[in-house]
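Values below: every heavy atom of this structure, side chains too, minus hydrogens, waters and symmetry copies. Note on naming: letters A, B, ... go to the chains in the order of the sequence lines (proteins, then strands), and numbering restarts at 1 for each one.
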Amino acid sequence: MRPAARLPKGFRDIEAAELRATQAMLAAIRETYERYGFEPLETPAFEYTDALGKFLPDADRPNAGVFSLQDEDEQWLSLRYDLTAPLARFVAENYDRLPKPFRRFATGTVWRNEKPGPGRFRQFTQFDADTVGTESVAADTEICMLAADTMEAIGIKRGEYQIRVNNRKVLDGVLEGIGIDPADPEGERRLTILRAVDKLDRLGAEGVALLLGPGRKDESGDFTAGAGLEQNAIEKVLAFVASGAATGDATLDAIAPLVANSESGTKGLEELREMQSLISAAGYDDGRIRIDPSIVRGLDYYTGPVFEAELTFEVTDDDGRPVRFGSVGGGGRYDDLVARFTGKSVPATGFSIGVSRLQAALARLDRQSAAATLGPAIVLVMDRAELPRYQRMANDLRNAGVRAEMYLGTSGMKAQMKYADKRGAPCVIIQGSNERDEGVVQIKDLIEGAKAAQSIADNKEWKESRPAQVSVPEGDLVEEVKKIIARHQG
RNA sequence: GCCGCCUUAGCUCAGUUGGUUAGAGCGCUAGAUUGUGGAUCUAGAGGUCGGUGGUUCGAAUCUACCAGGCGGUACCA
């Protein structure tokens with residue numbers, strides 16, 4: 001039986017135009033990260049599963065969320081699901097020789113074995129920057145500024161994005177205030193609360209209130225268990241989440257009374273105040289970076305500041321319905337990740353851009369950075385006996401830095417013209433026996449030709465007028481082709 | 001994982017109360033046009049109607065299960 005030619009679920013092929021746009025975006029991000037002084041680092045796609053911390057509890061098998069396989073020595077390997085866990089492994093393994101703080105950026109493919117959805121795939125690209133080895137919130141602030149600069153570097157205008165900042169310690173302070181111990185190792189409830197608050201933008205305050213309390217039934221009738229908080233506890237959490245004000249300082253003042261009785265909350269508030277003063281000193285308090293108590297992040301390894309990059313414009317799908325892309329980047333401080341390996345706490349903070357998701361959002365906006373790239377100039381094969389001659393023309397063009405190819409198929413001239421059209425060729429080079437005898441080549445500008453065609457309805461006229469076609473001496477071929485390309489690259 | 005909706009040609013979709021050989025537009029291929037991508041006209045290729053069972057004299061149509069897709073929700077360490 002023949003295998004079906006089919007793409008695995010949740011994966012996708014990426015073709016030329018998108019690939020070029022991706023490369024352009026990666027280059028812009030990289031340039032920004034380099035400018036902040038981060039160094040590139042590449043780690044492999046696979047890590048030992050235990051290094052990723054991905055074994056199922058109480059089982060000898062990796063978590064279902066990661067793609068895993070067993071090596072010949074029966075050790076479990078998993079494809080990385082983010083770039084942070086491999087960084088922690090790298091730092092732990094090379095700790096002594098690395099400069100501290102250690103600052104690196106990394107980009108690459110990550111894999112998650114989860115249910116795919118629109119804009120959510122099982123393989124995608126992230127671009128991370130992290131600073132490892134300092135507790136200073138200056139490092140966190142800088143990461144936020146980096147995130148803002150990066151958004152602008154890839155063509156998102158000021159005002160179209162926002163970097164939102166909060167602090168887990170403040171949140172813990174609020175939880176303490178309602179009788180939840182954040183340090184409780186059985187902190188299921190804390191995580192449930194975090195995740196509930198994380199859904200604020202999607203479900204609204206009423207939805208979150210249900211998730212904090214008895215639970216919520218969604219529109220399909222499915223029920224989600226809640227955190228089981230008392231009514232006044234729910235109100236306290238929601239009050240905190242809603243305490244965002246017009247300015248960072250006003251927000252901080254609004255938060256202050258809510259965490260005044262908590263040591264952790266007070267510490268977090270101090271950190272936020274320090275960040276706020278650094279942010280405004282750098283001028284990023286103009287809306288680029290904002291303190292927002294509703295940002296919590298669903299992951300539980302964050303220990304201090306957390307950030308999210310959001311797009312503030314609406315994106316619609318092909319049917320005009322609004323699409324929720326969620327955050328296009330996020331991060332925060334994770335002071336305990338390296339300690340998993342060394343036992344020694346190493347403070348770290350970082351940010352990850354979801355390149356694929358960001359690009360999908362930009363594509364919806366029709367804002368792909370790279371315009372349609374011109375195809376190669378095509379040398380038509382009019383006479384197969386003269387292949388070497390055509391080959392030489394293509395070579396001359398290539399040596400002059402012009403993308404060119406000789407038609408490599410075996411079809412006739414009409415098909416060759418169609419091929420050139422489909423390839424987006426700026427022009428074709430035609431030399432049949434007539435031209436060869438005269439020592440000339442015909443060069444047809446396909447883009448001008450297409451424009452001219454719009455005003456020609458009659459086929460005879462279309463053929464005879466040969467729009468946008470010139471005859472030049474063979475020696476002028478390269479120069480003429482360059483002229484045509486220059487005209488269309490403007 | 002759970003809930004709901006959907007699946008007919010490469011794409012977008014028609015298809016009567018279940019009734020002969022399942023259609024259209026676009027796209028594709030070829031010709032009209034001995035050496036010119038467009039336009040026009042003509043012809044052609046392309047379908048086990050998502051799969052497998054069931055009901056029926058007869059199923060694209062009804063039904064059960066499965067797969068895939070979409071949406072919601074959960075999970076996303």
Q: Who pairs with A:Phe341 by ring-ring contact (aromatic ring centres under 6.0 Å, His included), at least two apart in sequence or on another chain?
A: none
Q: Could you let me know what B:rU17 is paired to, Watson-Crick or G-U wobble, both distances under 3.5 Å, or none if it's on its own?
A: none
Q: Base, sugar-phosphate, or nothing: which does A:Gln431 touch, judged by heavy atoms less than 4.0 Å apart?
A: nothing
Q: Looking at B:rA59, which nucleotide sits across from it as a Watson-Crick or G-U wobble partner, both distances under 3.5 angstrom, or is there none?
A: none
Q: For A:Lys460 and for A:Gln442, find the nucleotide of RNA chain B with the closest heavy atom, then tell me which residue's nucleotide is more 5'.
A: A:Gln442
Q: Below 4.0 angstrom, N of the basic side chain to O of the carboxylate: do A:Arg392 and A:Glu386 qualify?
A: no
Q: State whether A:Trp462 places a side-chain N or O below 4.0 Å from either non-bridging phosphate oxygen (OP1 or OP2) of B:rG37.
A: yes
Q: Report the base-pairing partner of B:rG68 (Watson-Crick or G-U wobble, both distances below 3.5 angstrom), or none.
A: B:rC6
Q: Considering only heavy atoms, which members of residues 407-423 of chain A lie under 4.0 Å from some atom of RNA chain B?
A: A:Met413, A:Lys414, A:Met417, A:Lys418, A:Asp421
Q: Tell me, do A:Glu18 and A:Arg12 make a side-chain contact under 4.5 Å, heavy atoms counted?
A: yes
Q: When both hydrogen-bonding distances must be under 3.5 Å and the geometry is Watson-Crick or G-U wobble, what is B:rA45 paired with, if anything?
A: none
Q: Do you see a donor-acceptor pair shorter than 3.5 Å between the side chains of A:Asp335 and A:Ser345?
A: no
Q: Which nucleotide, if any, forms a Watson-Crick or G-U wobble pair with B:rA39, using both distances under 3.5 Å?
A: none
Q: Whom does B:rC76 pair with, Watson-Crick or G-U wobble, provided both distances fall under 3.5 Å?
A: none
Q: Could you tell me whether A:Glu114 and A:Arg122 make a salt bridge, using a distance below 4.0 angstrom between a side-chain N and a carboxylate O?
A: no
Q: Classify A:Lys444 by what it touches in the nucleic acid, base, sugar-phosphate, or nothing, heavy-atom distance under 4.0 Å.
A: base
Q: Whole Å only: how far is the CZ atom of A:Phe121 from the C1' atom of B:rG69?
A: 13 Å
Q: Tell me if the centroids of the rings in A:Tyr390 and A:Tyr407 come within less than 6.0 Å of each other.
A: no
Q: Distances under 3.5 Å only, N/O to N/O: pair up the protein atoms with those of nucleotides 74-77 of chain B.
A:
from   : atom 1 : to       : atom 2 : distance (Å)
B:rA74 : OP2    : A:Arg202 : NH2    : 2.6
B:rC75 : OP2    : A:Lys199 : NZ     : 3.1
B:rC75 : N4     : A:Arg120 : NH1    : 3.4
B:rC76 : OP1    : A:Arg195 : NH1    : 3.3
B:rC76 : OP1    : A:Arg195 : NH2    : 2.2
B:rC76 : OP2    : A:Arg195 : NE     : 2.6
B:rC76 : OP2    : A:Arg195 : NH1    : 2.9
B:rC76 : OP2    : A:Arg195 : NH2    : 2.8
B:rC76 : O2'    : A:Glu114 : OE2    : 3.0
B:rC76 : O2     : A:Glu114 : OE1    : 3.1
B:rC76 : O2     : A:Arg120 : NH2    : 3.0
B:rA77 : N9     : A:Lys54  : NZ     : 2.6
B:rA77 : N3     : A:Lys54  : NZ     : 2.7
B:rA77 : N3     : A:Tyr81  : OH     : 3.2

Q: Scan A:Thr349, A:Asp130, A:Thr303 and name whichever one has a side chain to side chain donor-acceptor pair (under 3.5 Å) with A:Tyr334.
A: A:Asp130
Q: From CG of A:Asp458 over to C1' of B:rC41, roughly how many Å is that when rounded to an integer?
A: 13 Å
Q: Any strand counts, and the cut-off is 3.5 Å on both contacts for Watson-Crick or G-U wobble. Which nucleotide pairs with B:rA24?
A: B:rU12
Q: Take A:Phe127 and A:Tyr33 through the test ring pair (Phe, Tyr, Trp, His ring centres under 6.0 Å) and record every step on the way to the result.
A: CA-CA 10 Å; A:Phe127 208 138; A:Tyr33 285 15; 4.9 Å; yes
